[in-house]
There are 2 protein chains.
Amino acid sequence: MRANLEQQVENFRERCRAAGLSLTHQREIIYRAVLESREHPSPEIIYEKVKALIPAISLATVYKNIHTFIDAGLLREVTLHHGSLRLEANLSEHHHLVCVRCKAIVDLDESDVAPVHLKRRPPAGFRITRASVEFRGLCAACAKSSKLTAQS
Amino acid sequence: MRANLEQQVENFRERCRAAGLSLTHQREIIYRAVLESREHPSPEIIYEKVKALIPAISLATVYKNIHTFIDAGLLREVTLHHGSLRLEANLSEHHHLVCVRCKAIVDLDESDVAPVHLKRRPPAGFRITRASVEFRGLCAACAKSSKLTAQS
DNA sequence: GACATTTTGATAGTAATTATCGTTAAATAG
DNA sequence: CTATTTAACGATAATTACTATCAAAATGTC
């Protein structure tokens, strides 16, 4: 279940202090905008929402704080590969192992993973055509070169 | 197991003909470049590989053909959200339902999906920190407005 | 092989994101 | 509570990834 909103915001303040981040008005409004969104918003969407409350805010501030929050583990990116299109020719069912640091993708055969299935009916007429698992973690090389600072 | 390369290329030619696509030298080399890649390449990487064989090729040709191939179902994009960063504040384990057309993302609670686990040992020292399932399909609104032409 | 149609290459244009830098606000010392 | 230090902000230029345009070249068909 979803914790109550003000509680989550208080937790946010706590974690900012713990991470040595200044608590600015802009930061709290940006974080709230993501918290209150169900739709996994893009930076542009967040910018629009925040601008309704802080008309003078800069788009750059939104981007900077999004990254600050990701680095501090307060927000998470839905995909680690948003920067550039990544392709595959393997059209058979399979799964992926992704390194959160170097973004390398390794295929896992379908048979390597316990069968995936949705226990409930998908929401409101959604027609599922495919299911694949993404395992995130650190590849051997990245694990060696660094400690994991923020989960992704 | 991986079908042999020349067989896959022959299958590619077949499917191009079936889709009414001209068989150009550029197309075959681009498709081969993806086929021969283990690393789920970006358009830039493909461009570099292809340029070694066709020095005069244009980057635009690479991009156009990648999209032609995706539309024809010959290639698949690893993530549907490479165009723009998408965020979430929900840090607990959960899964996603994604519409291949409108790119909407809906959360599924961890308990809605049968437990995910890797049956074999992850390759070469990879440390997994998280596993999540992406269900792809068409949301109700998109299913109504169109037929599914290419799988993603 | 000639013609109609696609595709290609060069390049200009656009969207998303990042860097720079002077100004302002937050944190902390006194 | 004021001054000082430091971090963050806002404006905007720059960059990166991608897309559109269009004349020239290659493909497929008859």
Atom pairs under 3.5 Å, N or O on each side, protein against nucleotides 22-29 of chain D: can you list them with distances?
from   : atom 1 : to      : atom 2 : distance (Å)
D/dG28 : OP1    : B/Leu23 : N      : 2.8

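The nearest whole Å value for the distance from the CD1 atom in A/Ile66 to the P atom in C/dA19 is 15 Å. B/Asn65 places its CG atom 11 Å from the C1' atom of C/dT6, with the value rounded to the nearest Å. To the nearest angstrom, P of D/dC18 lies 14 Å from OH of B/Tyr47. Computed from coordinates, the B/Leu87 CG to C/dA16 P distance equals 15 Å when rounded to whole Å. Regarding A/Arg17, its CZ atom lies at a distance of 13 Å from the C1' atom of C/dA26, rounded to whole Å. Note: NE2 (A/His67) to P (D/dC9) measures 15 Å, nearest angstrom. Between A/Leu59 atom CG and C/dT18 atom P there is a gap of 11 Å when expressed in whole angstrom units. Rounded to whole angstrom, the span from the CZ atom of B/Arg86 across to the P atom of C/dT17 amounts to 11 Å.
Residue whose closest nucleotide on DNA chain C sits further toward the 5' end, between B/Ser84 and B/Ile54: B/Ile54. Taking the nucleotide of DNA chain C with the nearest heavy atom to each of B/Arg27 and A/His82, the more 5' of the two is matched to B/Arg27. Residue A/Gly20 is the one, among A/Gly20 and A/Leu85, whose nearest nucleotide of DNA chain D lies closer to the 5' end (criterion: closest heavy atom).
Across all non-hydrogen atoms, the minimal contact from B/Thr129 to A/Gly137 is OG1-CA, 3.8 Å. Contact record, A/Ala124 with B/Ala140: O-CB, 3.1 Å, taken as the closest heavy-atom pair. In plain terms, the two heavy atoms of B/Glu10 and B/Arg17 that are nearest each other are OE2-NH2, 4.0 Å.
Between A/Tyr63 and C/dT18 there is no side-chain N or O to OP1 or OP2 distance below 4.0 Å.
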Trace of the salt bridge (charged side-chain N to carboxylate O under 4.0 Å, His left out) decision for B/Lys49 with B/Glu44
CA-CA 9 Å; B/Lys49 292 193 181 207; B/Glu44 290 290 334; over 6 Å; no
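In this structure, A/His81 has its ring center no closer than 6.0 Å to that of B/His40. Ring to ring, B/Phe12 and B/Phe69 are close: their centroids are under 6.0 angstrom apart.
Checked by atom type and distance alone, the side chain of A/Asn4 pairs as donor or acceptor with a backbone atom of A/Gln7 at under 3.5 Å.
Side chain of A/Ser58, nearest nucleotide from C/dG9, D/dT12, D/dT19: D/dT12.
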